[in-house]
> 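Next up is a structure, given as C-alpha cells.
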Amino acid sequence: MSNFKSIGKDTKKIDALSLATGQPMFVDDVSFPNTLQIKLLYSPHAHAIIEDIDTSEAEKYPGVKMVLTYKNTPHIPHTTAGQGWPEPSPYDTWMFNEKVKFVGDRVAAVAAETEEQATEALKLIKVKYKVLPAILDPEESMKEGAPIIHDEPWITGAYDPKKNLAAHIDIRVGDIEKGFKESDVVVEETFETQYAQHTPIEPHVTITYLDEYGRLVIRTSTQVPFHVRRIVAQALQIPVQKIRVIKPRIGGGFGTKQEIILEEICSFVTLKTGRPARILYTREEEFISARTRHPFKVKVKIGAKKDGMLHAISLYALSNTGAYGTHGLTVASNAGSKTLPLYNKAENVEFISDIVYTNMPVAGAYRGYGATQGYAALEQAIDMVAEKLGMDPWELRKKNHIKAGETSPIFRALGEGREGVTQYIQSCALDELLEKGAKEIGWFEKYGRPKRNGSKVRGVGMSMHMQGSGIPLIDMGAATLKMNEDGSFNLLYGGTDIGTGLDTVAAQIVAETLGIKPEQVIVYASDTDLTPFDVGAYASSGTFVSGGAVLKAALKVREQILEVAREKFGEPDSKDYILENGKVISPKSGKSITLSEIAYDTLYVKNQHQIGATGSFVSPYSPPPFAVHFVEIEVDEETGEIKPIKYVAAVDCGVPINPNLVKGQIIGALVNGIGYALTEEYHFTPSGRMTNPNFMDYKIPSTRDLPEIKVILAETYEPTGPYGAKSVAEININGPIPAIGNALHDALGIRLHRSPYTPERVLEAIRKSKEKKLEPVDPE
Amino acid sequence: MKVKYIINGKEEEYEIHPGEVLLDVLRRNGHSEIKGNCYLGTCGACTVLIDGEPHTSCTILAAKVNGKHITTIKGIGDLNNPHPLQKAFVDVGAVQCGFCTPGTILSAYALLKKNPNPTDEDIKKALDGNLCRCTGYVQQVEAVKFAVKLLKEGKDE
Ligand code: FES
Ligand code: FES
C-alpha cells in the first residue's frame, strides 16, 4: 500500500486558505437585497394548547410583512429528521401547531424588513394558552394515566403515541436468562446520560430566494441538502422540481444540522412574498429550540464465566426523545447495534429500548448517535465485571473483543430502524490498539495503583469502541467527474463537507485513481441542481459512502482515458498502462501521452466526446472503525474537581486517507466528549425551561481544559472501503464518559452513575462511599 | 450618527445607531469575515484587533471605538499573500469548518506581536477565549508554534 501518491498524504484542506483569509463562504456571508428577516416566537409552557392567538397588532407594526402561525401555514405531518426516505422517524410534526409540546416549541414567526422590527412585532402577538400537565421525567411518560403528548389523530410512524412511546425495540439472541444462570459473576448497574448540545460555532441559518425563473433557492447550513429538498417539498406541498438547495461552507454540524427546522419556514415566506428571507438562530435559540443529545437511562447486566469470558449481556435503554420523535428509533438502535457486536463472545444478548416522548427539548442526531450513551454504561459495567473477577479490565477486553473474520448476530438483528445486514469484520486492529495505547499511558504500571499527592489522587481508566461506516444498504452517494483541457477534472458530487475535509478526501481519491495531483481536482459539492444525489453527512458515511462514489466515478473515467490511450498508441489489448504525473504511460512500448493531450483530442479533434462519468455507491458493508481510549486523571478529593492529565486515543480507521484530517476528527470528537463527560449539561426549571442557554453557563471545552492528547493510528486495510478506508468521524466521542468514569474508580474507588462528572457529583459520591464504609452491617 | 474607522489600513465611514455593537456594524458594511453571534463575548468568533488589541466586537459599542484602527482577518493576509499564521493553520490542519478560524488567528496574531517566543501555555492562554467545536484545539496550538517558526525563518532571510 506504500506506493500511493495521494492517499495517506497530508494534502492541505482545499478550502482552508480561503477560510483562514475570511472569504465569504458561509450562508450568512452573502446577503441579498430586500431580504425579509424572520424571528420566531416560542412557547413559554412545556405543554399547552393555543386557545387563541391574535396577530393583528403585530401585523400592523412597521416593516412587518407577514406573521405565520398554525392558522395560515400548511398542516402536513412530517419529520424534521433529515434521513433517507422512508424515514424511520415518526411523522409527528407540523410547521406550526396549535398544541405546543415543550418550552421552545414554535408558536409563530414574523417576517419583517429588519430584525429589530421582527423582534418588536413578536412582542405584540397575543397568545392565550390552556396549560396542560407536562411530563418532564421520562419515567413518568410511560406510566398509566400520564398525559398524552401526541394525541393528534394524524400522527403516524410512532410506536404507541397513546402511551407516549415514539419507538420501541426488542431484540434477543440466545437465551438471556439461561445465560445469566450459567454465569459465574453477574453485574447489574444503571447509568444515566444527560441533555447536551452540539453547539456548532455557526448556528443554524437559512436564506431563501426566488431565482430568475421563479424557482425557490435555499441556501442553508445543513448536513443533508437532498433531504432538505425532499422534506421542504413535502411540508409545503410543492414539487421537488421547484426547489434548489445549496450548501455552501458549513460552520460545523455534529448532527444538529441533520434536521430540517428553519428551511420550511424561510421557504414559505419567500414563496408567499416573492422576497428573499433569512432566519439566523441566536445562541439561545440554538440551545432551546434546535436539537440535543437524547438523554438515556441504561440498565446494563453482564454475566461472565470465571475465566473472564463474557456469557450474557442485556441492555435496557430508556431514551428521552423530548417533544418530537426525530431520530428516536435509530439513535436508540445504535446504542445496541454499535456496542454489542464488540463483545461478540457473549452468546446470549438482549437489547430492549423504550423511546419516550416528554415535554422536554427535542433530541436528534448527535455525533456518536446512541453509541455514546450505550458505551457510557457498557464500558463502565465491563470494568465492574473485571473487578468482580479480580481481573485487569484490559485483559478482560482483550479476551472478549471481536476480531477480523468474525461476526455478531446483532448486525443482522438490529439495523437502522429495521432489520440490519450481516457483517463480517474484515479489518480490525483492536489487539494492536490495546497494546500501543496501554504502553503510551503506562497502564500496567499505573492501573490499580492510584497516586496520591495531598488531596489530589491520580488514576487511570480505559474504554473500547466500535462504530460503523455509513448505513449498509441504505446510504447512497453519487459523484460525477469530467475532464478539462488542461488535464484537470471537475468533481461534482453530493457529499456534504461540513468542515470535516471530505471535499479534500474526495480530491485525493480522484488524484490517486487518475495519477494527477489533488490540486487538479475542482470540487463542487452538494447543490441539488448541479450535483448528483447523496444522503448527506451523517452516520460516519463521508469517506466510505461519498468517497466510495467518487472512486467509482474515477475508475470509470480512468477506463475511458485508457481506451483513448490504447487507440492512440495502437495497442488495442494493452492492460498494463500506468497513470502518473498527468500522463498515461505504456511500460512496454514506452509510449506516453498527457491527459491534457487526451482532453484536447477528445473535446475538439477526433472521436469527440466528453470524458466523464457518474458513479453511485451503496454498500452491503458498514465496516466498523475501532478505538481504545486511555486516560489518566487527577481528582481533587477536597474540591471534587476532575482534571484529565493525559488522554490516549488509539484508533483503527483503516487507511487514513489524510492523516492530518483524521487526527483533527479524532481530537475534535474526543475533546467534545470530554466536555460531555465533565461539564456540559442542560439545567431546567421545575416547569421545563432550560436555564443555561449560553456559553457562560453551558461550558464547552476551551484550550485551558486540554489534557495532553496522544493519537495513535493503527493502520489496517479495509477491502470494502475506498483505498482501504473506514470512517473516523464519530467513534472517538464515545470514550471520555466511560474512560474517565473508570479512571475515577481507579483513583478513589467511587463510581458516578450519572454524567457529567461535576465537582458536586464527585463530592457527593465521595461522601456516600465514606458513609457506606462506616455502616456496620452490610445489607447484602 | 456617523463613525470613522481605519479598517485594515483603509478609512471607512459608517452611519450607525448609538446602541449598535461593532460586530453588527462591520458585518452590515460588508465585513463578513468577522463571525460570531453569541453577543456575550463568550465564543470569540467575532474577535478583531482594535489598535492592535484583540477584542470581541460583539461586546463593544460601535460608537465607542470611533476613530480607531481595526484589523480583521483580511488585514493580515490574503489568498495570494497569506500571513504565516494563516499559512500555518492551513499546513498543520488547524482549519476544519473554519468558522472560528478568523477570530482564533487574530488572537494568535496579537500574541505573537507581543511575544514572539510563546510557550505552549502562553498560546493556550491567548486562544482560551476562542471556542472551537471542531478541532479540539491541538492542531491550532501546533499551528501557532509552526507560525512562530515560519516568522523566524522569514526574518532570517
Ligand atoms: S459573537 Fe462575540 S464573542 Fe461570540
Ligand atoms: S474549526 Fe469549526 S469551530 Fe473551529
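Heavy atoms only: backbone and side chains are in, while hydrogens, waters and symmetry mates are out. Given the structure is predicted, the values throughout are model-derived calculations rather than measurements. Order of the sequence lines sets the chain letters (A, B, ...), proteins ahead of strands, with each chain counted from 1.
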> Let's go through B:Arg27 and A:Asp29 carefully: what are the C-alpha distance in whole Å and the side-chain angles of both, what is the deciding distance for side chain to side chain contact (heavy atoms under 4.5 Å, CB included) to 0.1 Å, and is it a yes or a no?
CA-CA 8 Å; B:Arg27 274 192 71 89; A:Asp29 290 350; 3.3 Å; yes
> Under the criterion salt bridge (charged side-chain N to carboxylate O under 4.0 Å, His left out), I'd like the reasoning laid out for A:Asp28 against B:Lys35: C-alpha separation, chi angles, the key distance, then a yes or no.
CA-CA 9 Å; A:Asp28 203 36; B:Lys35 312 298 178 195; over 6 Å; no
> Is the backbone of A:Thr282 close enough, under 3.5 Å, to the side chain of B:Tyr39 for a donor and an acceptor to pair up by distance?
no
> Looking at every heavy atom in both B:Ala45 and A:Ile201, which two are closest together, and how far apart are they?
CB-CG2, 4.1 Å
> Flag the one option from B:Thr72, B:Leu40, B:Asp91 with the top tally of heavy-atom pairs under 4.5 Å to chain A.
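Among B:Thr72, B:Leu40, B:Asp91, the one with the most close pairs to chain A is B:Asp91.
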> Check whether more than 12 heavy atoms from other residues, nucleotides or ligands sit under 6.0 Å from atom NZ of B:Lys74, and answer yes or no.
yes
> Kindly determine whether A:Glu115 and B:Arg28 satisfy salt bridge (charged side-chain N to carboxylate O under 4.0 Å, His left out), including the steps that lead there.
CA-CA 12 Å; A:Glu115 284 184 76; B:Arg28 188 175 68 235; over 6 Å; no
> Go through B:Gln140, B:Lys87, B:Gln139, B:Glu33 and name the one with the most non-hydrogen pairs under 4.5 angstrom from chain A.
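The option with the most such pairs is B:Gln139.
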> To the nearest 0.5 Å, what is the distance between SG on B:Cys43 and CE on A:Met696?
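Here the interatomic distance stands at 11.5 Å.
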> Which atoms of B:Ile105 are under 4.5 Å from chain A, going by heavy atoms: the side chain, the backbone, both sets, or neither?
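Side chain of B:Ile105 only, per the 4.5 Å heavy-atom cut-off to chain A.
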> Which heavy atom in B:Val90 sits nearest to a heavy atom in A:Ala20, and how many Å separate them?
CG2-CB, 4.4 Å
> Has the side chain of A:Lys13 got a donor or acceptor atom that lies under 3.5 Å from a matching backbone atom of B:Gly93?
no
> Counting distance only, does the side-chain N/O of B:Asn37 pair as donor-acceptor with the main-chain N or O of A:Tyr281 below 3.5 Å?
yes
> B:Thr135 and A:Ile667: which non-hydrogen atoms are nearest, and at how many Å?
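Closest pair (atom of B:Thr135, atom of A:Ile667, distance): O-CG2, 3.6 Å.
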> Does the pair B:Thr42 and A:Asn694 meet the rule for a side chain to side chain contact (heavy atoms under 4.5 Å, CB included), with working shown?
CA-CA 8 Å; B:Thr42 47; A:Asn694 60 67; 5.8 Å; no
> If we only count heavy atoms from C-beta on, is the A:Glu116 to B:His17 side-chain gap below 4.5 Å?
no
> Measure distances from B:Asp78 to the heavy atoms of chain A and classify the residue's part below 4.5 Å as side chain, backbone, both or neither.
backbone
> For a quick test of reading the model, state the closest non-hydrogen atom pair linking A:Gly22 to B:Ile73 and the distance between them.
CA-CG2, 3.7 Å
> Set out, in order, the CA-CA distance, both residues' side-chain angles and the distance that settles side chain to side chain contact (heavy atoms under 4.5 Å, CB included) for A:Ile498 and B:Cys97, then state yes or no.
CA-CA 6 Å; A:Ile498 54 172; B:Cys97 82; over 6 Å; no
> Taking NZ in A:Lys699 as the centre, count heavy atoms belonging to other residues, nucleotides or ligands within less than 6.0 Å. Is the count above 12?
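More than 12 within 6.0 Å, yes.
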> Kindly indicate whether the side chain of B:Arg133, heavy atoms from C-beta on, has any atom under 4.5 Å from the side chain of A:Pro701.
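SC-SC contact between B:Arg133 and A:Pro701 confirmed.
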> Is it the backbone or the side chain of B:Thr101 that comes under 4.5 Å from a heavy atom of chain A, or both, or neither?
side chain
> Can you tell which part of A:Arg249 gets under 4.5 Å to a heavy atom of chain B, answering side chain, backbone, both or neither?
neither
